[in-house]
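Everything below concerns the one structure shown next.
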Amino acid sequence: MAASIVHDAEMNVANFALSAKRAVSALPPLALRIVAECPVSKARACDLALPHSTVNTPVFMPVGTQGTLKGITVDQLEALGCQIFLGNTYHLGMRPGPELIEKANGLHGFMNWKGNLLTDSGGFQMVSLVELSEVTEEGVKFKSPYDGQEILLTPEQSIAIQNSLGSDIIMQLDDVVSSTISGPRVEEAMWRSIRWLDRCIAANKNPHRQNLFAIIQGGLNADLRKACLEEMTKRDVPGFAIGGLSGGEEKDDFWKMVTLSTDHLPRHKPRYLMGVGYAVDLVVCVALGCDMFDCVFPTRTARFGSALVPWGSLQLKQKQYAKDFQPIDPDCSCATCRRHSRAYLHALFKCDTAALHHITIHNVAYQLSLMSAVRESIVGGRFPQFVRTFMRRMFPSPEQYPSWAVEALASVNITLDCVSKDERN
Amino acid sequence: MKLELRRLVRGARLGILSGLGGGGQHSLELPGCLLYTRCCSVPHLTQDTLRTLGALPAGALAEHQEVLESFQEGAAKFAGLHNTALFCSLHDPATLCPSGYNTNKTVSIWSSGGRIELTVQRYMALQAAVRPNWYQSLADGDTQQAGTSLKRIRKSVDRTLAFLDECLLLHHKAQELAEAHIFGVIEGGDVLEERLRSSRETAKRPVSGFVLDGFHSRAMERELQHQLIVAVTSELPQDKPRLLQGVGRPDEVLACVELGVDLFEGFFPFLVTERGCALNFDFNVNCDPESKGMVPPAGQEVYEPADLQQVTCFEMNLKDEKYRDDFRPLVEGCECYCCKNHKRAYLHHLLVTKELLAGVLLMLHNLAHYGGFFSALRRALESGHFEALKGKVLGLSRSV
């Protein structure tokens with residue numbers, strides 16, 4: 001009798017512990033709180049609670065491909081106000097590989113980054129970088145650039161690698177097709193991406209701490225996009241990405257697919273527009289309802305000596321900057337602009353990699369502060385005015401506003417100078 | 001500029017060099033080393049470093065002379081270094097200088113744009129634009145090729161003295177250099193007589209200190225090098241600092257400190273960084289029961305590298321496979337940013353993937369480690385443990 005009482009008591013304790021654990025892990029790893037919505041356009045400002053911290057949106061996520069944001073330390077990144085950035089599953093899966101990163105306590109532990117991380121599936125690299133052997137229902141077969149061996153990347157494997165990396169947001173493996181292609185291949189890829197989404201969801205070992213996002217495909221075909229949206233939104237994923245764009249298609253087609261997508265995506269889940277990073281594109285796509293963006297452009301262009309500014313960019317390697325003793329942007333408060341001049345950076349380029357780092361820091365600061373300003377204007381109810389001021393600063397005259405941007409903004413009720421005369425002053 | 005000697009430990013001088021910098025507010029403990037820069041920037045680094053005394057080769061700035069002249073406030077300010085005392089050397093100690101270009105009136109230096117021929121006029125105009133806190137006179141040190149003739153060596157001494165006299169004249173005329181100090185340069189190749197002549201003659205001139213040129217490791221054998229250095233320092237006034245160029249390996253630093261050298265150029269950590277290595281030699285002389293009685297592992301002697309690029313026994317080569325899953329910091333107990341935040345496995349990965357961050361992190365560590373070595377060196381001289389320090393540094397490599 002006594003023995004069974006003790007046994008029951010033990011069971012009760014064990015059950016209690018189990019349900020307590022379940023309660024804790026029942027806290028969703030992602031929660032979106034809408035802080036403000038623009039009454040004119042589709043823009044919104046949100047707080048995105050993720051496992052490592054809360055991210056303020058709209059947000060630009062820099063790309064740190066191989067577990068590092070080029071020459072910037074994690075401390076410098078933190079000081080810049082970066083809350084989330086990208087790692088690359090394909091590259092990291094190759095070197096140093098998922099087993100090693102798992103041993104290192106995930107990508108966070110490996111890099112010593114305390115903020116959030118997003119990893120993509122590896123799918124895009126396979127299309128853009130590698131000799132593509134074959135895409136089948138099973139997965140993507142390709143040749144490793146390191147030893148020439150044939151590798152098969154399946155949805156399950158992509159998720160397994162991302163589980164090892166431990167990133168806060170992981171992406172489904174999608175069947176990626178160039179946006180300049182049309183025809184039956186686009187449709188095939190769209191349906192396959194849905195099936196692969198289901199396989200990815202099933203394969204995710206850590207749904208309580210890693211958020212699997214779906215990726216809407218369908219190319220530039222409105223019907224295909226809609227079909228994809230309808231299907232994918234039936235799945236209970238924490239967030240959605242808009243994929244298959246930003247690959248060289250016409251901007252006129254691009255924005256229409258973006259706005260179509262946000263029209264059909266749930267309001268209370270984040271919308272991540274992949275591969276978008278030019279300032280104008282960011283501002284317009286925020287207006288169209290996107291929350292998150294990533295792009296290699298700002299960090300890549302820095303390494304070519306190109307510094308981003310509100311009125312375009314400065315090619316600092318050019319002779320005209322040799323005696324220009326101003327900072328890159330007199331209004332910028334980043335470490336580079338506080339201390340260094342265009343002339344110094346121009347001179348430094350000839351002899352030291354530090355020149356690249358200075359500009360990378362500035363460009364990341366530029367992108368993050370742009371998004372910050374966008375967010376503030378949404379919260380303050382002045383987003384449309386912000387857009388107008390932004391465009392005026394970026395282009396020498398309204399005649400030079402890209403027509404796709406004008407149309408896209410008009411579609412969400414933001415009119416620019418060239419349309420309304422009384423805006424001019 | 002004032003040199004205060006506190007202690008003499010056999011040949012080694014412990015002291016402090018004060019009155020450096022614009023307002024004379026910087027000082028440097030001796031023996032010490034200058035922070036190596038290119039174009040006034042510590043290679044790879046964007047952030048402040050702890051030390052505030054930098055050295056800068058003229059070659060890196062020569063092509064920017066016009067810009068500096070327009071800027072009118074000197075190289076330090078141009079580079080955003082507001083609180084740094086700057087020494088301008090002639091050549092970049094981290095690269096080899098091609099031979100055979102100097103003439104009676106000119107010395108050639110190399111910049112990213114190629115060879116630049118400097119007359120005294122041009123050299124002094126450059127210094128006026130750079131506005132360093134102190135700099136060396138123009139000098140002909142092209143005597144390091146094997147088999148340089150005695151005639152050529154004599155010429156180098158003659159030319160260098162002539163250059164010095166001209167530099168001194170222009171120095172006093174230049175308003176931009178009113179607060180700067182000029183160092184004379186000791187030449188003489190591997191000929192004792194010439195070294196002595198150069199030392200005595202240079203010491204007669206009103207210079208603030210001396211640069212010992214032509215003693216780079218590859219120029220001559222160790223023993224001869226030591227003989228000549230001590231001969232030179234014995235001829236030079238005690239109350240003026242001696243800067244030895246081109247020497248940076250820890251064992252050589254220790255040897256040269258005992259020969260009366262005060263200052264070194266800090267390019268060695270940079271070279272180590274460039275080859276993907278991290279300094280890890282032990283310079284702690286605390287009483288550690290484990291380290292007592294340690295003998296150098298068999299077959300691991302301190303060897304002479306043929307050139308600046310070779311991996312030495314003072315460093316670990318992080319590209320080695322064995323570091324792939326080594327989750328320890330580079331050096332246990334090191335307080336640098338890299339060791340406090342990252343592991344060997346991560347550095348290995350960055351090097352294998354050729355990521356820019358590798359250079360940044362390694363530079364931070366190597367500077368900290370090398371600086372720590374110099375601190376330990378001064379403490380050892382202070383407390384009488386110099387021999388123990390030598391034993392530590394020379395006797396072992398940290399084999400991991």
Side-chain angles (χ1 to χ4, degrees), chain A residues 64-76 79 91-92 94-97 99-101 103-105 107 109-114 146 299 303 321-325 327 334-341 343-362, chain B residues 37-48 57 59-61 63-73 75 77-82 92 95 111-113 270 273-274 324-327 337-338 340-343 345-350 352-361 363-364:
Chain A
T65 308
Q66 302 200 92
T68 154
L69 208 102
K70 297 305 158 187
I72 309 305
T73 66
V74 288
D75 271 24
Q76 285 175 308
H91 289 98
L92 292 168
M94 291 285 128
R95 303 184 296 191
E99 298 85 7
L100 185 79
I101 294 191
K103 256 203 233 176
N105 285 326
L107 191 52
F110 191 54
M111 303 179 53
N112 197 20
W113 170 245
K114 307 205 169 45
Y146 305 106
T299 39
R303 298 195 300 283
Y321 297 107
K323 293 186 191 172
D324 188 341
F325 301 117
C334 81
T336 303
C337 290
R338 273 187 279 127
R339 249 190 170 208
H340 298 298
S341 65
Y344 179 63
L345 294 168
H346 174 89
L348 195 60
F349 256 107
K350 306 201 172 138
C351 69
D352 189 9
T353 64
L356 312 178
H357 309 328
H358 286 298
I359 304 198
T360 303
I361 287 177
H362 168 79
Chain B
T37 74
R38 286 182 165 184
C39 209
C40 286
S41 174
V42 178
H44 302 298
L45 301 187
T46 50
Q47 53 226 46
D48 297 354
L61 289 178
E63 57 188 310
H64 306 297
Q65 183 172 335
E66 230 190 271
V67 177
L68 289 169
E69 279 164 356
S70 300
F71 184 65
Q72 293 191 341
E73 290 185 78
K77 266 242 174 94
F78 178 59
L81 297 174
H82 301 296
D92 183 341
T95 52
S111 72
S112 69
F270 169 67
T273 300
E274 291 303 278
R324 192 176 177 273
D325 53 1
D326 189 338
F327 293 110
Y337 176 84
C338 180
K340 289 212 286 217
N341 288 282
H342 297 292
K343 313 287 180 227
Y346 186 56
L347 265 306
H348 174 83
H349 165 72
L350 294 176
V352 164
T353 54
K354 300 197 170 51
E355 281 288 340
L356 291 168
L357 189 61
V360 177
L361 295 176
M363 194 76 245
L364 286 169

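Chain A is the first sequence line, chain B the second, and so forth, proteins listed ahead of strands; every chain is numbered from 1.
A donor atom on one side chain and an acceptor atom on the other are not found under 3.5 Å apart for B:Thr46 and A:His357.
Judged purely by atom type and a 3.5 angstrom limit, A:Tyr344 uses its side chain to pair as donor or acceptor with the backbone of B:Cys39. Using modelled atom types, no side-chain atom of B:Tyr337 and backbone atom of A:Thr73 make a donor-acceptor pair closer than 3.5 Å. Side chain of A:Arg339 to main chain of B:Ala79: no donor-acceptor pair is present (N/O by atom type, distance under 3.5 Å, no hydrogens or angles). Distance alone, capped at 3.5 Å, is enough to place a donor-acceptor pair between the B:His349 side chain and the A:Gln66 backbone.
For B:Glu63, the part lying near chain A is the side chain, with the backbone staying farther off; criterion is any non-hydrogen pair under 4.5 Å. Neither the backbone nor the side chain of A:Arg338 comes within less than 4.5 Å of any heavy atom of chain B. Residue A:Ala335 does not touch chain B at all, counting heavy-atom pairs closer than 4.5 Å. Contact of A:Met94 with chain B is not made at all, since no heavy-atom distance falls under 4.5 Å. Residue B:Leu68 does not touch chain A at all, counting heavy-atom pairs closer than 4.5 Å. At a 4.5 Å heavy-atom cutoff, the contact between A:Ser341 and chain B is made by side-chain atoms alone. Both the backbone and the side chain of B:His44 come within less than 4.5 Å of a heavy atom in chain A.
With sequence neighbours excluded, the residues satisfying side chain to side chain donor-acceptor pair (under 3.5 Å) with B:Thr273 are B:Asn366.
Annotation: the span from A:Thr353 atom OG1 to B:Leu45 atom CG amounts to 8.5 Å, rounded to 0.5 Å. Rounding to the nearest 0.5 Å gives a distance of 9.0 Å between CG of B:Leu356 and CD1 of A:Ile72. Note that the CD atom of B:Glu355 and the CZ atom of A:Arg95 stand 9.0 Å from one another [nearest 0.5 Å]. One distance of note links CG of A:Asn112 with CG of B:Asn341; it measures 5.0 Å at 0.5 Å rounding. Taken from CG in A:Asn105 to CZ in B:Phe327, the straight-line distance is 8.5 Å, to the nearest 0.5 Å.
Residue-environment remark: CD (B:Glu66) stays at or below the threshold of 12 foreign heavy atoms within 6.0 Å. In this structure, A:Lys350 places its NZ atom where more than 12 heavy-atom neighbours from other residues, nucleotides or ligands lie under 6.0 Å away.
Taking both residues in full, the closest heavy atoms of B:Ser41 and A:Leu348 are given as CB-CD1, 3.6 Å, listed atom of the first, atom of the second, then distance. Scanning all heavy atoms of the two residues, the minimum distance from B:Ser70 to A:Lys323 falls at OG-CD, 3.3 Å.
Contact tally against chain B (heavy-atom pairs below 4.5 Å) for A:Leu69, A:Thr65, A:Leu345, A:Asp75: the top residue is A:Asp75. In terms of heavy-atom pairs under 4.5 Å with chain A, the best-connected choice from B:Arg324, B:His342, B:Lys343, B:Arg38 is B:Arg324.
By the 30° and 60° cut-offs, the orientation of the rings of A:Phe325 relative to B:Phe71 is tilted.
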